[in-house]
Amino acid sequence: MSNARRTWHKSSYSAANGSCVEVAEGATTHIRDTQNRKLSELTLPAREWTALLSALRTG
């Protein structure tokens, strides 16, 4: 799927100065830096993204 078709949203922890991460979730999760949108993005299977978030929440 092209970038134009993805629905991106900013992290709820984003800084007010625009330094943040955007995520497009689906069967594959795409993660990018808001200040460098045209550069490469990190892509993970949805189950791996869910595992990462779970690990971060539990510390």
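These numbers were taken from a predicted model, which means no experiment stands behind them.
- For the pair L44/I31, a side-chain contact is recorded, criterion being any heavy-atom separation below 4.5 Å from C-beta on.
- When hydrophobic clusters are built by joining Ile, Leu, Val, Met, Phe, Trp and Tyr residues whose side-chain heavy atoms come closer than 4.5 Å, directly or via intermediates, V21 is not grouped with L39.
- Listed here is the closest heavy atom pair of G26 and A46: O-CB, 3.2 Å.
- Residue C20 comes nearest to D33 through the heavy atom pair O-OD1, 3.6 Å, listed as atom of the first residue, atom of the second, then distance.
- Contact check on E22 versus K10 returns no salt bridge, with no Lys/Arg side-chain nitrogen under 4.0 Å from an Asp/Glu carboxylate oxygen.
- R32 is listed as a side-chain neighbour of W8, based on a closest heavy-atom distance under 4.5 Å.
- The side chain to side chain donor-acceptor pair (under 3.5 Å) pairs that include a residue from residues 42-59 are E25-W49, H30-T43, where partners are two or more places apart or lie in different chains.
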- request: Output, in order, the C-alpha distance, side-chain angles, deciding distance and verdict of side-chain contact (heavy atoms from CB on, under 4.5 Å) for E41 and R6.
  value: CA-CA 13 Å; E41 58 192 48; R6 292 189 187 118; 3.0 Å; yes
